[in-house]
Amino acid sequence: MSDETLVTARWVIPVLPRDAVLEHHAVVIAQGAIADVLPTNAAFERYPAAQVVDLPDHVIIPGLINLHTHAAMTLMRGMADDLPLMTWLRDHIWPAESRVASAGFVRDGTMLACAEMLRGGVTCFNDMYFFPEAAAQAVLQARMRAAIGMIAVEFPSAYASDATDYLTKGMAVRDSLRDESLLSFCLAPHASYTVSDATFERIAIYAAELDVPVHTHLHETHDEIRDSLASHGARPLQRLKNLGLLGPNLIAVHAVHLTPEEIVLLAAHGCHVAH
């Protein structure tokens, strides 16, 4: 048996060159990686012993990437919909998580999420949730790629007792799984309203030392901004800037309430927005 597999399709649309639509092409897979993209007839000539997967009416595109997930929360889908964010969290989601969240819950929920994402063409996702080791094991079983969040919040949960405990456990997961080629890691402070200045400052130091992204909810609601002004005297983005967190490693999730000046500030620091 050949080590190569040819996936032939009516159309192949690569990332580069931009706007290219390749007709009657084949994608060559060898040793778990894409080895070649070339016309179908040429592929048969070059790889005569390869296994063939023929998709005559299909389009092949690169795998999609889900930039922000709480994958295990598939098991809570539909719970308490159509509510203001903080009402939804404080009165419904956080109490439910305190009752049911566990390593098994996260593993099962993440496996379901992986199945759904794979069915939709998603091959990589950026996750933020409790029990990240359980999520990582589900990802490896599904043979997907994921950036596993080393979550941090100030309040206790079934997973950890305080921000220090969250970060210590997250770092331990990263250390134990750092050689897994399908996994990468992010520091994942939940949001401006659940993480203190002291924790954000520690995360800024860790991110610089480890060269890992910082994945956080930011400017998700008007209430978040109002409460930040009341508590910290600054809008959340300015607060993160003051704490040294703006830079190319920042993944700002949602960011739906920005002033024109804040958009310029994010761009000037090379930040990324999962919008």
* To do: Sequence neighbours left out, what passes ring-ring contact (aromatic ring centres under 6.0 Å, His included) with Y193? Give chain and number order.
  =>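 For Y193 the ring-ring contact (aromatic ring centres under 6.0 Å, His included) partners, ignoring immediate neighbours, are H190.
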Tell me which pairs pass side chain to side chain donor-acceptor pair (under 3.5 Å) where either residue lies in [range], with sequence neighbours left out.
range	value
residues 88-107	E97-Y129
residues 141-154	E154-S196, E154-T199
residues 52-74	T8-D54, H68-H70, H68-H215, H68-H217, T69-D127, H70-H217

For [X], give me all partners under side-chain hydrogen bond (donor to acceptor under 3.5 Å, both in side chains), at least two apart in sequence or on another chain.
X	value
S228	none
E133	none
E45	none

Of all residues at least two apart in sequence or in a different chain, which pass the salt bridge (charged side-chain N to carboxylate O under 4.0 Å, His left out) check with [X]?
X	answer
D175	R178
E201	none
D36	R46

* **Salt-bridge criterion met for E180 and R174 (N-O under 4.0 Å)** =>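 Salt bridge flag = no for R174 with E180.
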* Can you name the side-chain contact (heavy atoms from CB on, under 4.5 Å) partners of E209, sequence neighbours left out? -> I205, Y206
* Which pairs, with at least one residue in residues 211-224 and sequence neighbours excluded, count as a salt bridge (charged side-chain N to carboxylate O under 4.0 Å, His left out)? -> D223-R226
* Please test D197 against R239 for side-chain contact (heavy atoms from CB on, under 4.5 Å), starting from the C-alpha separation and ending with a verdict. => CA-CA 9 Å; D197 282 1; R239 180 177 165 223; 2.7 Å; yes
* ring-ring contact (aromatic ring centres under 6.0 Å, His included) between H222 and H257, intermediate numbers included -> CA-CA 7 Å; H222 286 301; H257 299 290; 3.9 Å; yes
